[in-house]
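Okay, so here's the structure we're looking at.
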Amino acid sequence: MIPLIFNGSAAGIQLACTLLVMRMQPNSEFAGEPMAAGSVPTAIELSEASVTFGRGARAVPALSKTTLRIADGEFVALVGPSGCGKSTILRLVSGLARPTTGVVIVGGREVAARAMRVGMAFQNPTMLPWMTIEKNIMLPLKIVEPFRSQFRRLRKTEFRDKANALLEQVGLKGFGGRYPWQLSGGMLQRANLCRALIHEPRMLLLDEPFGALDQFTREELWGILQQLWMTHKPTVLLVTHDLREAGFLASRICVMSARPGRILDDSSVAFARPRTVAMTFEPDFVALNQKLRAFIVDARTAAREGA
Amino acid sequence: MIPLIFNGSAAGIQLACTLLVMRMQPNSEFAGEPMAAGSVPTAIELSEASVTFGRGARAVPALSKTTLRIADGEFVALVGPSGCGKSTILRLVSGLARPTTGVVIVGGREVAARAMRVGMAFQNPTMLPWMTIEKNIMLPLKIVEPFRSQFRRLRKTEFRDKANALLEQVGLKGFGGRYPWQLSGGMLQRANLCRALIHEPRMLLLDEPFGALDQFTREELWGILQQLWMTHKPTVLLVTHDLREAGFLASRICVMSARPGRILDDSSVAFARPRTVAMTFEPDFVALNQKLRAFIVDARTAAREGA
Amino acid sequence: RAEDTTIKFTLGWKTQGSDAAFFYAKDNGYFKEEGLNVVIDQGEGSGATVTRIMSGAYDAGFGDVNAIIQNASTRPQDAPVMVYMMWNQPPFAIVAKNASGIKTIKDFEGHTLGGAQGTPTTRLLPVFVHKNGLDGEKIKVSNMAPNLQEPMLIKGDIDAALVFNITSYFNLVLNRQDPDKDFKWFSFGDYGLDLYSNGVMVSRKLIASNPKAVAGLVRAINKGAIAVAKDQNAAMKAALNYDNLINVDVEKRRLQYSFEKLIVSPEMKDIGVGDVKDERMARAIGFIVEGYQLTRTPTPAEVFSREFLPPRAERELVYTAN
Amino acid sequence: MPVSDIRQKVWSGALIVLFFVAWELFCLMTGMSDLVLPRPSQIFVTLFEKFPILWPHIVQTLVTTMIGFVLGVALGVALGAVIGVSKTAYDTCYPLLVGFSSIPKVAVVPIFVLWFGSGTVPAVLTSLSICFFPIVVNIATGLATTEPELEDVLKALGASKLDILWNVGLPRTMPFFFASLKVAISYAFVGAVLSETVASNRGIGNVMMTASSNFNVPLVFAGLFVLAGLGVALYVLFSLIEGQVTGWATRKDNVIAT
Amino acid sequence: MPVSDIRQKVWSGALIVLFFVAWELFCLMTGMSDLVLPRPSQIFVTLFEKFPILWPHIVQTLVTTMIGFVLGVALGVALGAVIGVSKTAYDTCYPLLVGFSSIPKVAVVPIFVLWFGSGTVPAVLTSLSICFFPIVVNIATGLATTEPELEDVLKALGASKLDILWNVGLPRTMPFFFASLKVAISYAFVGAVLSETVASNRGIGNVMMTASSNFNVPLVFAGLFVLAGLGVALYVLFSLIEGQVTGWATRKDNVIAT
Ligand SMILES: Nc1ncnc2c1ncn2[C@@H]1O[C@H](COP(=O)(O)OP(=O)(O)OP(=O)(O)O)[C@@H](O)[C@H]1O
Ligand SMILES: Nc1ncnc2c1ncn2[C@@H]1O[C@H](COP(=O)(O)OP(=O)(O)OP(=O)(O)O)[C@@H](O)[C@H]1O
Ligand SMILES: [Mg+2]
Ligand SMILES: [Mg+2]
C-alpha cells in the first residue's frame, strides 16, 4: 500500500516538500575558503586518485588515477560496469577509504568528509539489526550536530515524527516499529534512503539507491529526490546502472571504464527541470541514452582487447 | 575485465554451453507420479497459499491466497511492486517457509522442495564470509547428491575447475580465491548466480539475480541463462523488476498485486527463441512491456483506493 | 613369594620432617619385610585423614585421634581405629605476641584470637575457656586459613593464634621471627586439656580383612620411629628422597621438635611409644565430647586398639638429637 | 505459541527434576556413604532445617558476590572495550590477563587478606578478579569481529570512536556479553566463597569450611546447593534481561520449515 | 605493513616489561616484605635456581592440564552444540550448568579424590570440570545467534541439521570459540593446580602448597609465574591457529580512514 504515486503531476512532490522540512543552511563550510577556479565552490575533488586493495601478487587495482571535480550543489550520476570502482569513489568521498595515491578533497579539506554533513545510502542497505527501522533511520540525528545535542532534549518525539513522515513518503508507513529482517529487499532499500536523508545533509552519496525497486516505486522516488534537490541544492553523487535514472535525475553523467575504473566520459544533461517520467520516453532523452550506451560498449570492448 | 561480451551474436552463448556442461537428467522424480491436468507434469503448485508473518496486532499478511501452477520445464517470471511477497513465494517453493494456510506442492510432494534438486539465488547474495568465493560456490556440491559422495573422492579438482569455469563465464575470472567482502555488489550477485547453477539443478529459483548489474553485464547473463534453459529445460521461477528482462527470458509472466500479494495477471510470452537483445527494442516487445506496465499501474491504484 | 599387600597411606599434611618415620621405614624396606607395599600420599590436614580413610580411598594414615573420637561418636561402624599413638602430648597451643600485652591466659579477654576453623585448637577453645574460668564472651575469635595465622599475628591483626605448636613454631621461624623470645606459648596440655593427638590409624575394613597387615604396618613404623629418634640426618635423607622440595634445615628441627615436645614424655617412658593410658584416653574423650557437643561418648576401645602393637620391649624409644 | 512454550518449560523442569532423582537413586543403589556424596533428599532436609542459621551467611555471600560481580563487569567491559579497539592493548593486555587468570586465586587471596584484612574486602576483590576475564574476552572478541559494514554506517556520519562503540560495537556484542555474564556470575560466587574459606567469619564459604571440618557433609552440600541456587537465580534474572536486549540476535523466522 | 607490525609487537613487549618494572619498583619503594609480595627479580632468580627441581612438576601439571583441557573442549563443544540447537536442552542444561559452575571446585576435588584416589585423575577431572563451561556458553550463544540467512543458504539445498551445524554454525562461532579457549585454558590450569593442591604428590600445585606451608613465598610466586607462563604459551599457540581460522571475522579493510 504505497501511499504516494507519481503521475507526472506535482501533487506527490509537494507533499514531499512539506514533509522533508529542510531548513536552508548557509554553506558555512566555505566561508573564507579560497574560491575554486569556477565561480561555484568545489564540493568534491578527486585528483589522480587511485585505490589498490591488497598488496603484492594479490593486489586488486580498483580505481586508477581518477580525476573528478564536482561543484557545490551539482547532481552527478556515475555509471559504469560492475566492479569498476563506483562504490570505491563514494567511499573515498565519504572518508571511509583513503586513496592509495592521489588526493581527495571534500568540502575544502583533504580526506575528511566530516567537514560537510554527508548522507550516504550504501549499496547494501546495512541496517543495524538490533534497532527498529525507525531507530535506524533516526541514527544520523543521534550522531550529527546540531541534531545530536537536541536529541537528548525534548525533540525526540519531533524526530520520531520526522522519521515516520519520511517512511510514509517512501511507502513504508507503519513499518517504523519493525526490525530490519522483517522487511523485504526493496523495503530495506527505501529505509536506507530515508536514513541518508533524515539529517538534511549538504552532500548526498547514493549507491544504487533504487536497485531493488520496481519501476513504479522507483519513478516515484525519482520525483521526490528531484524535488528535494531542486529545493535545497545539496551536492549529489549518485551511482546507478539505470541510464534512464541517470538522465532523469542528474545534471551531469560520468561514465566509468571497466576495472580499474577511470572516468571515460563526462556529459551534461540539459533537460529542463522538473523533469517528468514522460520525458524519458522522448527522442532526445532516448538519444542521450543511446549515446551513453555506445560509450560503455566501446569501453568494454576496449577493456577486453587491452586485457 | 569482463571476458564475455554479448553482442547479439551467439558467440558468447556457445561458450556458455560448452562450459556449463550439464548432463541431461531424466526427470526421475516424476516417474510413476499421477500426471497433472496437462500433458506436462506440474513442477510447482501453490493452491490458495497465504503467508502471514507475526501474530496479533503486528501481523503482516505477506501473501493472500495465491494460486500458481508451473509446469515442469517452464520459465516463469514474477513481477510486482516492492514488498508484495515475491521472495516469500520463492521461500515457500524452496521449503524455507511454510504457508500459513493453503498448500504448496513441489515435485509432487507437499512442502519439501528437497524432492527436487533446487538452485536458489537469494535476493541478498549471502555468501558465507569465512569461505572464499570458490568454496562458497562449491557449497552445493558438498551438500547435494550425487556430488556429495563424489566430493570427498578424487573429484575435488574437477569440481574446482567447474566452479572456476562458471566464474569465468560471469566475468569473475581470478576472483575465486577472494573472500566475499573483497567483491563489489554486482560481483557478489554474479557469484550468487553461480552458486545457484553449479549443481545442475532441475529447478531454479532466482530472486532478482541481475539487480545490481549494469545493463550490459545483465544482457550478457540473460543470454547465458536463456541458453542454459533451452538446453536443459529446468523449471525456472525468476523474480525481477525489469520488464524487459522478464520479456526476454520468460515463457510466462505473472504480475502480482501490492501487499498482500496475489497473482493479478498471467500472460504467455510468445516470442521465438533464442531471443536477442535487439528484439527487446521491437514494437511487439515494447507493446508487451506497456501492457504489463498498465497492469501494474492499475493494480497499484486499486490497492491505494482499496486501502 | 606371594604378592605384597598394597596399603594406601595418607600423611596428615604436606611432607614434613615429623613424618620421617614413615619415609625411613619405606626407604629401609621395613614395609617390604612385612610383605607390604605402602603407597604414601600427602594429606589435606590431620582431620581429613579420617575422612579419607572412612570413605575407603585410603587404608591407613597419620592423623588426629580427636577426629576419630568425633566420628566414633556418630558413626562407630565407619570410624577408623588408632593403632599407634605417635604424639602422646597435645600440640594444641595458643601463641601470643609479647607486644600484645598478653601475659597470662586471663589476658585473652579483650583480645582477638585468630583461629583456623575446624582445627582442634579452635574447636576446643570453649572447653579451654570453661576449664580455666575465663569469660568466653570477651574473647573475640577471627577465622582464617592456617597459613595466614602467623603473618596476621606478626602484622598485628590478631593478638594471639590458636595453633599447633609444631607447625606454628616453625612458621614463625620461617617468617624470620624468634618464636621463643618474642612470643608466649600457652599449651593446652598445661591448662587442663591433656589430650592425645596424632598417630597411625587404619580402617576397620583393613583390621577385619587383614589384621596381619595392620600388625606389620605398625611394626615397621615403630621400627622407623625408633631409628629416626637415633639418627635424624638419615631421617632427613629419607624425607628428601620422598620430596626434594623440603627445606632440610627447618624440617630437621621440626622432627627434633616433635620428639622433644610431643613424643618423649614421662608417659612414653613408662608405657613405651605407641601406646596410650586408657584412663587418660577416657578423660580426653570426655573433653572432646564436651567440646564438640557430641551425643554419644565412645569408649577408649572404640578409638584405640593396642592389639597390633609390638611387645613393650620393642617400643623402647631413645631420642638423641644429632 | 505460548502453549508450546509452556510445554517446553514443563519438559525442561521435568528433566531437571529427573537429574536429582537419578542422583538419589544412584546413591541408594551404590550404597554411597553420605560422607562422600549425600543424597539430594538429605541435602534438602539439611538445607531446610538449617536455613534460619544459614540465612545471614547467604545474605553476606550474596552481597559480597554482587559487589564483586558488578565491579568485575564494569572492569571487564572497560578492559574488553580497550582490548577490542586497540591492537597494542590487545597484544599487551591479553598475555598479562591470560597469565593472571592462569593463577589460582587461592594463591592470591592471602595477599588480599594481608593487605586489606579479613572479611568482605578480600572476598569482593577475589570475586572481581575471578569473574572479569570471561567478560573481557567476549567483549573484546565481539568488538574485534564487528562487521566493518555496520561500523561504516556510523563512520560515514563522522561519528567518533566512542559513538561507534556505543551504537554499534557494544549492541552487537550484547549476546556474547550476556553469555559471558553466565560464566562471570558463577565464578563470582566461586571467588567470594573461596575468599570466605580462607579468611572470614561469615558467609557460606565459612559455613562450608566449618561443616567440612565437622564431617557434616550434608551441610557442606547444602552450602553448595545454596550457591548453585543463587547462581541459577541470578542466571534467570539475566536471562530475562537478555531476552529483552538480544532478541534480535536469536530471531528465528516465525514461519520456518523443519 | 610488516614494519609497523613489528613496531607494534615491540611496543607491546615493552609495555609488558614495564609492568614488571613497575612491580619491582613498587615493592622496593614501599619496602614490601618478600613474605607478602616478592619482587619479580627475586621470583625469577628463584625460578632459575629451582628450575631443575621444578621441571618434573611442570611436566606433570602441563600434561594433566592438557588432558583435562582437551576433554573439556570436546565436552564443551558437544554440550554447546546441543544447547545452541535445542531449546529444551537450553532450558534444561543451562540452569544445571550455571549451578554446577557456581560451586567452588575446591569442594568437589575431595569427592573426586575419594572416588579416584589422589593424583592425576582428580586433577584431570577438576581441570575438565572447570574449563568446559566458558566453551559451552560461547558455542551455544554462537549457534543460537547465527543469522538465519546464512543457514538458509544450506537449508535451501536440503542440507541436514548436521550439515548446517558443520558448514555454518560452527565456522560462524569460531571467533567466539577461540575467545572461550583463552578463558578455558587459564581455568584448566587453575583446576589442575587446585586439585594438586588438595591431593597430589606432584605438580606445581603441590610445589606451591609445600612452598607456602614453608613460607617460601618467592617459590610460591615462581610456581605462579610458571603457571602464568604456561597459560600464555598456550594462549600464543591458540592465537596462531586463531589467526588462520578466524581471519575472516577480524578483517579490517586494508584502506581505511582513522
Ligand atoms: N575490501 C576490498 N578488498 C579487496 N578488493 C576490493 C575491496 N573492495 C572492493 N574491492 C575491489 O575493488 C573493485 C571495485 O569495487 P567497487 O565496489 O568500487 O565496484 P563497483 O563499481 O561499486 O561495482 P558494482 O557496480 O558491482 O557495485 C572490485 O574489483 C572489487 O573486487
Ligand atoms: N521474517 C519476516 N517477518 C515479518 N514480516 C516479513 C518477514 N519477511 C517478509 N516480511 C514481510 O512480508 C512482505 C513480503 O516480503 P517479500 O520479501 O516477499 O517481498 P518482495 O516481494 O520480495 O519484495 P521486494 O521486491 O522488495 O524484495 C513484506 O511486507 C515484508 O515486510
Ligand atoms: Mg558498488
Ligand atoms: Mg524480495
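Nothing here was measured: the structure is a model prediction, and the numbers come from that model. By convention in this document, chain letters (A, B, ...) are assigned in the order of the sequence lines, proteins followed by strands, and residues within each chain are numbered from 1.
Aromatic ring orientation, C:Phe108 versus C:Phe128: tilted (interplanar angle from 30° to 60°).
Considering every non-hydrogen atom in both D:Ser41 and D:Glu24, the closest pair reads OG-OE2, 2.7 Å. For the residue pair D:Gly68 and D:Cys131, the shortest heavy atom distance occurs at O-SG, 4.1 Å. C:Pro300 and C:Met281 make their closest contact through CB-CG, 3.9 Å (heavy atoms, listed as atom of the first residue, atom of the second, distance).
Proximity to chain D (any heavy atom under 4.5 Å) is shown, for C:Asp78, by neither the backbone nor the side chain. Heavy atoms closer than 4.5 Å to chain C are found in both the backbone and the side chain of D:Thr210. Proximity to chain C is limited to the backbone of D:Thr197, based on heavy atoms less than 4.5 angstrom apart.
Inspection of non-hydrogen atoms places no residue of residues 55-66 of chain D under 4.5 Å from chain C. Contacts with chain C (heavy atom to heavy atom, under 4.5 Å) involve these residues of residues 104-114 of chain D, listed by number: D:Pro110, D:Val113, D:Leu114. Among residues 169-178 of chain C, no residue has any heavy atom closer than 4.5 Å to a heavy atom of chain D.
Here C:Phe9 and C:Tyr58 keep their ring centres 6.0 angstrom or further from each other. Between D:Phe100 and D:Phe133, the ring centre distance reaches or exceeds 6.0 Å. Ring centroid separation for the pair C:Phe287 and C:Phe92 does not come in under the 6.0 Å cut-off.
Although no hydrogens or angles enter the test, the distance criterion places a donor-acceptor pair under 3.5 Å between the side chain of D:Ser180 and the main chain of D:Phe177. Judged purely by atom type and a 3.5 angstrom limit, C:His111 has no side-chain atom pairing as donor or acceptor with the backbone of C:Ala160. Looking at D:Ser129, its side chain does come within 3.5 Å of a backbone N or O of D:Thr126 through a donor-acceptor pair. At distances below 3.5 Å, at least one donor-acceptor pair connects side-chain atoms of C:Thr122 with backbone N or O atoms of C:Ala116. Put simply, the side chain of C:Glu109 never gets that close to the backbone of C:Lys138: no donor and acceptor are under 3.5 Å apart. In this structure, C:Arg123 contributes its side chain and C:Gly291 its backbone to no donor-acceptor pair below 3.5 Å.
The line from CG of C:Leu206 to CG of C:Asp59 is 5.5 Å long, rounded to the nearest 0.5 Å.
Note: C:Asn71 leads C:Val50, C:Asn71, C:Thr74 in heavy-atom pairs under 4.5 Å with chain D.
Under the side-chain hydrogen bond (donor to acceptor under 3.5 Å, both in side chains) criterion, C:Thr10 pairs with C:Arg52, not counting sequence neighbours.
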